[in-house]
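Please read the structure below before turning to the comments.
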There are 2 protein chains.
Amino acid sequence: MSPSPSKPVPAYVQIKDYVRLQIESGIWTSGSLIPSEHELVKQFGVSRMTVHRALRELTVDQVLNRVQGAGTFVTSHKYQSTLIAIKSISDEIASRGGTHRCEILILEPTVEPRALEALGLDAGDRAFHSRLVHFENDVPIQLEDRFVNPHLYPHYLEQDFHTVTPNVYMTREAPLQRAEYVITARMPDATARHRLHMDIGEPCLVLQRKTWAHGQVATEVTLWHPASRYRFAGSM
Amino acid sequence: MSPSPSKPVPAYVQIKDYVRLQIESGIWTSGSLIPSEHELVKQFGVSRMTVHRALRELTVDQVLNRVQGAGTFVTSHKYQSTLIAIKSISDEIASRGGTHRCEILILEPTVEPRALEALGLDAGDRAFHSRLVHFENDVPIQLEDRFVNPHLYPHYLEQDFHTVTPNVYMTREAPLQRAEYVITARMPDATARHRLHMDIGEPCLVLQRKTWAHGQVATEVTLWHPASRYRFAGSM
DNA sequence: CAGTGGTCTAGACCACTGT
DNA sequence: CAGTGGTCTAGACCACTGC
């Protein structure tokens, strides 16, 4: 039953497991005060740094809540909010063992007010606009419509996005600081529907993302996915 | 410019900030080897534990990648995968200052094979089934269709879900261990469309979640939201 | 082999909480 | 005030890597 008899479990991990077990088994209830670091030091026969590390990491994991001077408590709000993981399209296809291909529909400058506003640029300025379709094994699964800040990516229009996706290019060029995401369900317009080879009446799962770099809006992208061929999945 | 002159910044935080700055400014490039703990100890005049903590926390944050015996490297894949936060419906409405109301459509036992299979129960067993509509200021925004494992929640059918949502009740009753999530876009059937007061042709944003407790499937829930009135949002 | 990171100790000083 | 957690030190032993 134990094919790998090696791997000694670090003391701080054992303490973390112990704490988690006390909570899961209901011995330490939500919101209650747990033993102090000093008591756990005596109980486990380790130094305080070791106990402290275990409790600190459980605080990061939202399992415990520590108040200096008062004590350590079991977190009461659990699984109230939750996270869904979203990968980049090329990684995702690669991880499934599929072949990625990309078709470029638009790659040009634009003065659309909508683009300038999204990027926080002045009315007289210009932006870059690209529109691509990503295929997995020759089936379209994502329509990528993107506005790019030309002051951060002056050579954006000269890239060959057949070989490097805009996402990968942009993360290479400038360190991204922050991003905001919105997931919605929307009906595609006729041209988008044709590009994605969708039946009439089929909705799209849409991810819109705005990303900042160097304190400015770097890019705003809208990703359209056919509902029948795409989903966001995650676990925790 | 510094209204709160107090707050001494801990050394490990200063080191974390230093490392982040080196990376953001491009001095330490993606994938490159950074100075060893020993060198940073000399540079900052602190103990190795302090440097180690800084680097370990940056490893958790996916900023660094450490290999025992080799060294510490700048992580190359950044912002490749991303997280969307999803809150519980009652919290969400409350945080917007709205009023939550709940209408109970179904609350009964079921022997549907689909329910039993989802919960990992035997064919001769039974499950609980509930269907509710959640309103924000009297506008329907979520249709909650839920199967519940009766062995974990034997008193589920006796609850008053007007006052406590199933989500809150279940997290109170049993500590949840793990969850899997799928987000899709789907067209509602006619009854769901009527329940959510939706126009014909409008899609739904659907979240399906399966949750485990005590090593068993505790519940599987499908949440239908009118696309025009609901979205998932997050940032990082 | 020398150098790296992973873990751990036995102290220490401090800021903070509750009484 | 005694007790709590937050931080930090100056060592130590070990497992691992690359040469």
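Small disclaimer: the values here were computed from a predicted structure and weren't measured. Chain identifiers are assigned alphabetically (A, B, ...) following the order of the sequence lines, protein sequences preceding nucleic acid strands; residue numbering begins at 1 within each chain.
- Taking side-chain N and O atoms only, A/Thr72 has a distance below 4.0 Å to OP1 or OP2 of D/dG5.
- Between the NE2 atom of A/His38 and the P atom of C/dA10 there is a distance of 14 Å, given to the nearest Å.
- Residues A/Tyr18 and A/Trp28 place their aromatic rings such that the two centres sit under 6.0 Å apart.
- Considering only side-chain N and O atoms, B/Ser36 lies under 4.0 angstrom from the phosphate OP1 or OP2 of C/dT4.
- Checked against D/dT4, D/dG6, D/dC8, the side chain of A/Glu39 finds its nearest nucleotide in D/dT4.
- In this model, the phosphate group of D/dT9 is approached by a side-chain N or O of B/Thr50 to a distance below 4.0 Å at OP1 or OP2.
- Less than 6.0 angstrom separates the ring centroid of A/Phe232 from the ring centroid of A/His225.
- In this structure, B/Tyr12 reaches the D/dT7 phosphate: one of its side-chain N or O atoms is under 4.0 Å from OP1 or OP2.
- The CD1-P distance, from A/Ile15 to C/dC8, rounds to 8 Å in whole Å.
- Distance from the side chain of B/Ala70 is smallest to D/dT17 among D/dT17, C/dT9, C/dC16.
- Judged by distance alone with a 3.5 Å cut-off, a donor-acceptor contact links the side chain of B/Arg48 to the base of C/dT7.
- Here C/dT4 presents its P atom at 12 Å from CD1 of B/Ile34, a figure rounded to the nearest Å.
- In this structure, the CZ atom of A/Phe44 is 12 Å from the P atom of C/dC8, given to the nearest Å.
- A salt bridge is defined here as a Lys NZ or Arg NE, NH1 or NH2 lying under 4.0 Å from an Asp or Glu carboxylate O, and A/Arg48 with A/Glu37 meets this definition.
- In this structure, the separation between CD on A/Glu144 and CG on A/Leu223 is 6.0 Å, given to the nearest 0.5 Å.
- Nucleotide C/dC13 has D/dG6 as its partner under the Watson-Crick or G-U criteria, with both atom distances under 3.5 Å.
- You'll find that the side chain of A/Ala11 is closest to C/dC8, out of C/dC8, D/dA15, C/dA10.
- With rounding to whole Å, B/Glu37 atom CD is found 11 Å from C/dT7 atom C1'.
- Between B/His52 and the phosphate of C/dG6, there is a side-chain N or O to OP1/OP2 separation shorter than 4.0 Å.
- Ranking D/dC8, C/dG6, D/dG6 by closeness to the A/Arg66 side chain, first place goes to D/dG6.
- We find that CE of B/Met49 is positioned 15 Å from P of C/dG5, with the value rounded to whole Å.
- Residue B/Arg56 contributes atom CZ, which lies 12 Å from atom P of D/dT7 at whole-angstrom precision.
- One can place CG of B/Leu40 at 17 Å from P of C/dG3, the figure rounded to the nearest angstrom.
- Residue A/Arg53 places at least one side-chain N or O under 4.0 Å from the OP1 or OP2 atom of C/dT7.
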Quick one: do A/Tyr156 and A/Phe161 satisfy ring-ring contact (aromatic ring centres under 6.0 Å, His included)? Show the steps, please.
-> CA-CA 10 Å; A/Tyr156 183 75; A/Phe161 292 126; 4.9 Å; yes

